[in-house]
Amino acid sequence: MSRSRQPGPFCWLLVTLVLVHLAIALPAQADDAAATVAPPRYEFREEHDRNGIGKFYMGREIARVMGHQGIAWLERPTREREEKLTDLLDALDLKPGMVVADIGAGSGVISTLIARRVGDEGTVLAVDIQQEMLDALAIKCRRRGIENIEPVLGTNKSPKLKPGTVDLVVMVDVYHEFDFPYEMLSEIAAALKPGGRVAFVEYRKEDPRVPIKEVHKMSEAQVKKEASLPELGLEWIKTDGRLPRQHVVLFRKVGDGQNNSASIDDAWPQFRGPDGQGHVSSDNIPLEFGESENLTWKTAIPGTGWSSPVVLGDQIWMTTALDDGHSLRAVCVSRDDGSILHDVEVFTPAAPCPINTKNSHASPTPVVEPGRVYVHFGTMGTACLDTETGKILWKNESLVLDHKEGPGSSPVLYGDLLIVTCDGMDVQYVTALNKATGEPVWKTERSAPLHNRPDFCKAYATPLIVSIDGKDQLISPGAHQVHGYDPATGDELWHVRYFGFSNVPRPLFDSESERIYLCTGYLKPQLWAIDPHGEGNVSDTNVLWKVDKQVPGRPSPILVDGRIYFVHERGVATCVDAETGEIVWRDRMGGNYSASPIAVGNRIYFSSEEGKVTVIEATDEYRILAENQLDAALMASPAVAGDSLFLRTATHLYRFDAPADGRISARNDAAATTP
């Protein structure tokens with residue numbers, strides 16, 4: 001992984017190591033092909049450049065790795081004149097306090113320069129696969145008194161970086177040497193924070209005057225080709241050409257369900273939106289709408305499914321079931337005009353699982369990221385599809401359980417993991433699949449005692465990923481217990497016990513107070529406030545307050561400006577003080593409810609099973625702002641992307657937009673009828 005410079009004779013010392021890499025890589029790629037049912041990712045040729053390893057990726061040959069014997073080359077006194085490292089630092093736009101990963105750090109020439117720029121509050125993660133390089137770096141840091149560089153021993157497939165923690169990844173003359181560029185770049189992308197950047201610094205292949213062996217150069221087009229794979233979620237920003245021999249090709253992370261602010265406004269990638277809690281960033285969502293009012297388009301969706309729509313780019317994805325659950329499908333609709341772009345049969349179970357009259361065979365909401373959509377039908381299967389072609393990339397039918405009432409919990413993405421909840425009458429666990437292959441990565445059984453009645457052991461809640469004290473936690477409600485897990489490993493951090501099962505609502509999280517709010521489930525749901533700090537069983541110490549009347553068993557609550565709003569499935573609405581649990585108001589909204597609400601500024605939208613959307617004001621008095629009626633039942637929760645509202649009824653998908661003049665409300669508005 002160390003940076004390559006003009007290769008010298010010492011590189012031949014690594015021939016034996018390279019042959020070992022080749023021997024390992026061949027069966028590994030065969031395994032990859034079997035897992036993904038796709039052509040081999042890498043090609044091996046007997047005739048190749050003598051400075052390469054004979055392994056090709058996306059049309060280019062991978063170069064030999066420089067060994068630690070080449071430290072003198074890395075630290076040559078002419079390097080600043082030849083490569084203008086000072087200008088490189090300017091091109092990277094470094095800021096104090098940043099976390100920067102220097103991949104292929106070698107003896108630390110670049111790492112030490114970056115360390116000065118990010119300052120004492122920043123951190124440089126110096127990654128290399130050779131301990132000798134890191135040892136040389138450690139000596140250098142001690143001599144110079146540098147304390148903000150952390151050495152990381154990686155492998156030829158992994159930089160060993162924690163997902164979602166890095167502001168900038170820098171690779172100076174090293175990416176072209178990766179034995180497994182796809183695997184490495186996948187983990188690098190996962191390590192970036194939303195909006196984080198990755199810089200490919202490579203000798204320009206386009207320029208024959210650059211005095212470097214051809215296999216150690218990369219063209220801008222080749223870098224873009226390899227870094228723009230949809231599943232990576234990387235977007236090209238610019239190519240900086242200020243250096244005399246290299247170009248700096250910069251990409252930004254835009255995918256993975258925790259999108260940067262530019263993407264949040266224009267995407268709804270998972271159940272309950274970008275933050276998983278129903279909050280909408282745009283205020284320009286129509287207040288009033290109907291079968292002919294503020295309607296942009298309306299499209300019939302075949303079959304039956306209560307999964308919410310998810311939106312990314314021009315695509316809206318959802319799942320549906322035909323033939324009484326014997327045909328489980330993924331449907332994609334054009335955001336622009338409502339036309340159906342894909343209708344893919346994913347699973348054909350011979351004996352679909354039984355469902356409750358309030359449920360469907362296609363209730364879990366998909367999760368979408370650039371190039372990939374992940375669909376889940378509970379015990380009947382989980383799959384990944386290519387969003388451009390609709391092709392099924394992998395299937396997993398091994399997560400078998402007895403739902404009794406049908407599937408309910410939606411999957412969530414975390415880095416390169418797809419996390420799935422499996423709380424049935426017979427088994428109760430949470431598992432993470434490799435999102436590239438569908439293969440299991442970790443599995444954690446529920447630890448707290450369960451009821452002796454199997455019917456009281458099932459649950460249907462979707463977990464929520466939050467940050468507690470700067471560390472990620474997976475908040476996962478199950479029957480009689482809620483757990484905080486490490487989403488990267490599945491390790492249990494803490495749990496709280498209660499009496500409740502068949503949980504459906506997704507938890508809430510207040511990032512300011514770092515509190516969790518959740519509904520405990522049937523037989524008598526309660527709303528609990530929980531402090532998620534601590535270890536082990538914190539049931540007796542970390543429950544802050546409880547509300548025990550008119551708490552929903554199906555719709556999720558929503559948190560707005562220190563108040564929690566919710567509606568019982570039989571139509572009683574409540575507002576609770578999030579700090580104390582005291583009831584602020586309670587009133588009868590009417591109707592029956594399964595869908596979860598959304599918050600648009602100071603407006604909250606509640607969708608009923610009778611097809612009515614009631615909009616109330618988020619305030620300390622119960623006040624209805626609008627009531628909007630559609631022709632069929634609303635079981636699926638709403639989605640919003642940009643300034644558009646998407647509602648899925650039992651029969652159709654609707655898109656609503658505010659009037660062209662920008663007014664949110666046109667109903668009973670005299671100006672609207674004025675010539």
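Just the heavy atoms: all of them, side chains too, but no hydrogens, waters or symmetry mates, feed the values below. Only a predicted model underlies this, so the values are computations on that prediction, with no experimental measurement involved.
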So, do [X] and [Y] sit near enough that their side-chain heavy atoms are less than 4.5 Å apart?
X    : Y    : result
T319 : L328 : no
Q315 : R335 : no
L653 : M318 : yes
L433 : V441 : no
K253 : L234 : yes
P274 : P269 : yes
L417 : W442 : yes
P407 : H361 : no

If we ignore angles and hydrogens, is there a donor and acceptor under 3.5 Å between the side chains of [X] and [Y]?
X    : Y    : value
N503 : Y460 : no
S158 : T155 : no
D323 : S327 : no
T520 : Q526 : no
R554 : S594 : yes
S307 : T365 : no
R648 : S637 : no
H376 : T382 : yes

inquiry  = K225: which residues meet the salt bridge (charged side-chain N to carboxylate O under 4.0 Å, His left out) condition with it, sequence neighbours left out?
reply    = none
message = Using the salt bridge (charged side-chain N to carboxylate O under 4.0 Å, His left out) criterion, which residues pair with R515? Sequence neighbours excluded.
response = E579
To the closest 0.5 Å, what do you measure between [atom1] ([X]) and [atom2] ([Y])?
X    : Y    : atom1 : atom2 : result
F44  : I62  : CZ    : CD1   : 7.5 Å
E492 : L474 : CD    : CG    : 11.5 Å
S467 : D469 : OG    : CG    : 8.0 Å
E369 : L232 : CD    : CG    : 9.0 Å
L341 : D314 : CG    : CG    : 6.5 Å
L185 : L229 : CG    : CG    : 7.5 Å

So, using ring-ring contact (aromatic ring centres under 6.0 Å, His included) as the criterion, who are the partners of [X] when residues are at least two apart?
X    : result
Y498 : W528
Y175 : F178, F200
H279 : none
F646 : none

ask   = Among D531, V482, L518, whose side chain to side chain contact (heavy atoms under 4.5 Å, CB included) with V496 holds?
value = V482
inquiry  = How about NZ on K162, more than 12 heavy atoms from neighbouring residues, nucleotides or ligands closer than 6.0 Å, or not?
reply    = yes
key: Residues, nucleotides or ligands: over 12 heavy atoms within 6.0 Å of K160 NZ   = no
Mutual orientation of the aromatic rings belonging to [X] and [Y] [parallel < 30°, tilted 30-60°, perpendicular > 60°]:
X    : Y    : answer
H495 : H483 : tilted
F180 : Y42  : perpendicular
F501 : H480 : tilted

[X]: partners by side chain to side chain contact (heavy atoms under 4.5 Å, CB included), with sequence neighbours left out:
X    : result
L153 : Q131, L134
P532 : I468, Q473, W494, I516
R45  : E43, F56

ask   = Taking it one step at a time, do E235 and R252 satisfy salt bridge (charged side-chain N to carboxylate O under 4.0 Å, His left out)?
value = CA-CA 5 Å; E235 174 187 72; R252 176 176 56 223; 2.6 Å; yes
Search all heavy atoms of [X] against all heavy atoms of [Y] and return the closest pair with its distance.
X    : Y    : answer
P181 : Y57  : CG-CD2, 3.3 Å
V333 : G338 : CG1-O, 3.4 Å
R272 : S596 : NE-CB, 3.6 Å
F499 : H451 : CE1-CD2, 4.0 Å
P364 : S409 : CB-O, 3.4 Å
A479 : L450 : O-CD2, 3.5 Å

key: Test item: T444 side-chain N/O and G490 main-chain N/O as donor-acceptor pair under 3.5 Å   = yes
message = Check whether S539 reaches the backbone of R497 with its side chain - one donor and one acceptor, N or O, closer than 3.5 Å.
response = yes
query = Stepwise, does the salt bridge (charged side-chain N to carboxylate O under 4.0 Å, His left out) test hold for E183 with R41?
reply = CA-CA 10 Å; E183 289 80 354; R41 185 168 290 128; 3.5 Å; yes
inquiry  = Taking the basic N atoms (NZ, or NE/NH1/NH2) and the acidic carboxylate oxygens, is any pair closer than 4.0 Å for K358 and E569?
reply    = no
key: Within residues 423-434 or reaching into it, pairs that qualify as side chain to side chain donor-acceptor pair (under 3.5 Å) - sequence neighbours excluded   = D423-R446
inquiry  = If the condition is side-chain hydrogen bond (donor to acceptor under 3.5 Å, both in side chains), which residues does E231 pass it with, not counting sequence neighbours?
reply    = Y182, R372
ask   = Can you name the side-chain hydrogen bond (donor to acceptor under 3.5 Å, both in side chains) partners of N356, sequence neighbours left out?
value = E405
query = For K55 and D179, what are the C-alpha separation, side-chain angles and deciding distance, and is it a salt bridge (charged side-chain N to carboxylate O under 4.0 Å, His left out)?
reply = CA-CA 8 Å; K55 182 178 180 180; D179 281 1; 5.9 Å; no
request  = Walk me through it: do D472 and Y414 pass the test side chain to side chain donor-acceptor pair (under 3.5 Å)?
outcome  = CA-CA 10 Å; D472 293 337; Y414 181 75; 2.7 Å; yes
